[in-house]
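Notes follow the structure.
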There are 2 protein chains.
Amino acid sequence: MNRAAHAAQPGRPPLRDFAHSLPMALLRGREAVMECFRPLLAESGITEQQWRVMRALGDSGEQDMAKLARRCCILPPSMSGIIRRLEQRGHARRRPARDDQRCTLVSLTPAAHRLMDEHGRVSEQKYKEIEMIFGRANLDKLYRLLAELEVSLGALRRRRPSRRR
Amino acid sequence: MNRAAHAAQPGRPPLRDFAHSLPMALLRGREAVMECFRPLLAESGITEQQWRVMRALGDSGEQDMAKLARRCCILPPSMSGIIRRLEQRGHARRRPARDDQRCTLVSLTPAAHRLMDEHGRVSEQKYKEIEMIFGRANLDKLYRLLAELEVSLGALRRRRPSRRR
DNA sequence: AAAAATTCGTTAATATATTATCAAATTTCC
DNA sequence: GGAAATTTGATAATATATTAACGAATTTTT
């Protein structure tokens with residue numbers, strides 16, 4: 001019983017295999033990658049999301065909550081708590097923007113930069129292993145396809161009545 | 001300030017761009033896909049994980065918690081709650097396996113099958129739109145690369161001392 | 001300028017993720 | 001046959017996800 005467990009209607013095409021669900025395929029791929037990195041994150045004492053936020057802040061410097069949330073694929077309510085905990089651990093600071101008092105600007109502390117230097121080193125080391133076994137060419141193809149997927153689906157979504165960004 | 005916000009050490013290669021983080025690229029790709037499906041899930045009144053579990057059960061029929069969790073990329077403690085809530089809504093059943101009293105076998109109810117028929121229809125419709133704009137060939141390439149990535153990383157992880165499965 | 005609409009970050013409530021721990025059932029080893 | 005190690009699903013505690021709602025600041029409209 002490896003396909004549809006219940007009978008498919010004759011006139012209608014059945015639901016695709018679970019293995020060929022696009023969200024599932026992307027999730028499994030990401031899980032495979034994260035299983036490589038999670039031990040390193042645990043060793044550094046930071047969560048996956050905390051590292052994601054630190055990466056975004058390290059990459060582009062101080063930025064407001066909304067932009068940070070969009071770039072990290074984290075919703076504002078979640079980001080609120082993540083930044084609060086990063087702040088408690090002395091890894092982040094927040095201050096109101098002076099031109100728009102609604103905006104909260106977030107930045108990394110020196111301690112956070114030091115932690116990023118250390119964790120970044122072992123992380124890059126792991127990347128080399130991944131590139132070694134998966135192949136540089138495959139990796140480039142994957143990045144390209146994922147980027148194109150985003151563009152395609154972005155265009156798809158922008159057609160129907162929906163608020164963008 | 002679009003690359004490293006803080007100075008990179010001279011002797012050490014800097015951390016890669018945030019945009020070229022593999023976990024991030026996979027997450028963004030998946031988010032782009034999910035933004036297409038989330039409105040449909042909300043319309044059907046089911047969560048992403050609940051649908052994932054129903055898909056796995058519909059695909060292969062009754063199975064135990066552990067196998068279900070592995071296939072869905074959901075950890076056992078989360079699965080516990082998800083099945084409990086599916087059960088409360090009359091979409092799942094559980095019963096102990098008679099050969100191994102530790103195992104809990106989970107299966108779908110007729111109501112769940114009906115819901116899957118309905119939601120599967122609109123979901124497949126959305127898939128057609130995605131294939132239309134992203135291209136069948138690109139989709140196939142992406143599936144293949146993701147599968148190969150899983151195989152590669154699986155091999156990478158099986159080398160070091162670590163308990164598998 | 002004042003009302004209305006919008007934006008930004010947060011809180012609340014519920015669902016899920018993650019790690020540690022645990023009780024019960026099973027298997028392995030002696 | 002029985003103690004020890006393992007497996008299975010669950011619970012607890014904390015972190016994050018998701019949707020709704022809310023207050024404050026800002027922008028738009030009138």
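Looking at Asp64(A) and Thr104(A), their side chains never come closer than 4.5 Å, going by heavy atoms from C-beta outward. Side-chain contact between Cys103(B) and Met65(B) is absent, with no heavy-atom pair separated by less than 4.5 Å. Using a 4.5 Å heavy-atom threshold, the side chains of Leu57(B) and Gln63(B) count as touching. By the 4.5 Å heavy-atom criterion applied to side chains, His91(B) and Leu108(B) are not counted as neighbours. With a 4.5 Å cut-off on side-chain heavy atoms, Leu153(B) and Glu35(A) do not count as touching.
If you take CG of Leu68(A) and P of dT10(C), they are 11 Å apart, rounded to a whole angstrom. In this structure, CZ of Arg38(B) is placed 13 Å from C1' of dT16(C), rounded to the nearest angstrom. Counting to the nearest Å, the C1' atom of dG9(C) and the CD atom of Gln63(A) are 16 Å from each other. With rounding to whole Å, Glu48(A) atom CD is found 12 Å from dA17(D) atom C1'. Between Arg95(A) atom CZ and dG9(C) atom C1' the separation is 16 Å, expressed in whole Å.
Aromatic rings from Tyr127(A) and Phe37(A) are positioned such that their centres are separated by under 6.0 Å.
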* Contact pattern, 5' to 3', of nucleotides 7-15 of chain D - B, S or - by protein heavy atom under 4.0 Å -> BSSSBB--S
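Of all the residues in residues 24-34 of chain B, not one reaches under 4.0 Å from DNA chain C with any non-hydrogen atom.
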* To do: For the pair Ser60(B) and Arg71(B), evaluate side chain to side chain donor-acceptor pair (under 3.5 Å) and give the outcome as yes or no after the intermediate values.
  => CA-CA 11 Å; Ser60(B) 306; Arg71(B) 289 193 37 175; 2.5 Å; yes
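Remark: Arg28(B) does not engage Glu31(B) in a salt bridge, criterion side-chain N to carboxylate O under 4.0 Å.
Listed pair Ser78(B) / dT16(C) fails the phosphate criterion, with no side-chain N or O lying under 4.0 Å from OP1 or OP2.
With the nearest nucleotide of DNA chain D identified for both Leu75(A) and Gln101(A), Leu75(A) has the one nearer the 5' end.
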